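In what follows, a single structure is set out as structure tokens and then discussed.
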Amino acid sequence: MELNAKKDVLNALEGAYAAIKGGQIENLHGLSDHIVHSMSIYQDKEITNAAIAIYALAKIFETEKYKKHRKIKDFTKAVLSHMDDAIFALRRDDVEKYSNTLKILFGDIEGFSKRIRFYIEDVLNFSKIKKSSKLYEHGLSLGQAAEATGVTKWELMPMTGETTTHEKFVETVADDSGKINLVRKLFRLK
């Protein structure tokens, strides 16, 4: 993992750890998005997995149903323990241990409760698709974004179609002369 990418992931994981421990769940979304930005620069799958995990945890911890779940304290304790292990592994440049720890964290998320397991799997899949769409917004191709998060292009397409990312940089032109002037401007024609 590239040094600057590792620093970004470490900062995000440390921030997520502190947010969960301090009950500041609203900070998790921003941390996840920051890692996605790093992924778009460094294109390292290990970065994306951290973003997906943090985003999925945000979805769990912000949902009222799960805040009151009888196993939430045990789940939170396990999550914090695995995040601590991932942070420690990255500090020691042990990317394999970091990767394995994130897999365990995904397992914790999936196995949070047999009663709500189906929904949690949906949260993980939704998190992957959401982070893929963010990568697409950051300039990766549809294929690169899908591959980075482990989803298919077909799963990602509806999410990218629902965004207005492609419309952000387009000027609205009402008449034909305005359209011609826009084309001239775009292609630097006189």
Side-chain angles (χ1 to χ4, degrees), residues 1-63 66-67 69 71-113 116 119-140 144-151:
M1 183 182 297
E2 212 266 10
L3 181 62
N4 288 330
K6 184 179 98 170
K7 286 179 184 177
D8 284 348
V9 172
L10 264 173
N11 287 337
L13 285 174
E14 289 168 346
Y17 182 93
I20 292 168
K21 193 164 184 145
Q24 299 169 326
I25 303 309
E26 64 278 359
N27 295 344
L28 294 177
H29 289 286
L31 291 165
S32 177
D33 287 346
H34 179 75
I35 298 175
V36 168
H37 178 72
S38 294
M39 170 53 194
S40 69
I41 295 169
Y42 304 111
Q43 298 190 18
D44 186 329
K45 187 173 173 114
E46 296 300 331
I47 299 170
T48 308
N49 286 338
I52 292 167
I54 292 170
Y55 186 79
L57 290 169
K59 287 297 184 188
I60 291 169
F61 287 125
E62 69 189 7
T63 303
Y66 301 113
K67 288 180 190 177
H69 194 276
K71 293 186 178 183
I72 192 68
K73 287 183 182 176
D74 292 337
F75 174 72
T76 304
K77 185 177 177 181
V79 163
L80 290 172
S81 174
H82 295 311
M83 289 180 84
D84 193 42
D85 290 346
I87 291 166
F88 183 75
L90 272 183
R91 285 185 182 149
R92 298 182 137 241
D93 289 323
D94 189 346
V95 177
E96 184 177 340
K97 172 83 171 155
Y98 160 80
S99 181
N100 289 336
T101 302
L102 281 185
K103 288 177 186 172
I104 294 168
L105 184 57
F106 280 142
D108 284 350
I109 292 168
E110 287 178 343
F112 177 44
S113 168
I116 58 174
Y119 179 72
I120 296 302
E121 288 172 352
D122 284 348
V123 167
L124 280 176
N125 194 48
F126 176 77
S127 299
K128 289 178 182 180
I129 293 169
K130 185 75 171 171
K131 294 298 119 181
S132 289
S133 72
K134 288 287 187 184
L135 288 170
Y136 180 70
E137 284 181 24
H138 278 81
L140 270 65
Q144 289 171 319
E147 184 179 333
T149 58
V151 299

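Computed from a predicted model, the values in this text were never measured in an experiment.
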Mind jotting down which residue pairs meet the side chain to side chain donor-acceptor pair (under 3.5 Å) criterion with at least one end in residues 76-91? Sequence neighbours excluded, please. E14-R91, H82-D108
My understanding is that only residues two or more places apart in sequence, or in another chain, count here; which of them pass salt bridge (Lys or Arg N to Asp or Glu O under 4.0 Å) with D93? K6
Of all the heavy-atom pairs spanning L28 and I54, show the shortest one and how long it is. O-CG2, 3.4 Å
Take F61 and I72 through the side chain to side chain contact (heavy atoms under 4.5 Å, CB included) test and state the conclusion after the steps. CA-CA 9 Å; F61 287 125; I72 192 68; 3.9 Å; yes
Of all heavy-atom pairs between F106 and N49, which one has the smallest distance, and what is that distance? CZ-O, 3.6 Å
E62 meets the salt bridge (Lys or Arg N to Asp or Glu O under 4.0 Å) criterion, sequence neighbours left out, with K59
Which heavy atom of A53 sits nearest a heavy atom of L105, and at what distance? CB-CD2, 3.9 Å
Testing the basics here: between A16 and L31, what is the closest heavy-atom pair and its distance to 0.1 Å? N-CD1, 3.3 Å
Once you round to the nearest 0.5 Å, how far does OG of S32 lie from CG of N27? 12.5 Å
Distance from F88 atom CZ to L13 atom CG, nearest 0.5 Å? 14.5 Å
So, T101 side chain and K97 main chain: donor-acceptor pair closer than 3.5 Å or not? yes
Do V79 and Y17 come within less than 4.5 Å of each other through their side chains, counting heavy atoms only? no
How are the rings of H29 and Y55 set to each other: parallel, tilted or perpendicular (split at 30° and 60°)? perpendicular
Quick check: closest heavy atoms across A50 and Y98, and the distance to 0.1 Å? CB-OH, 3.3 Å
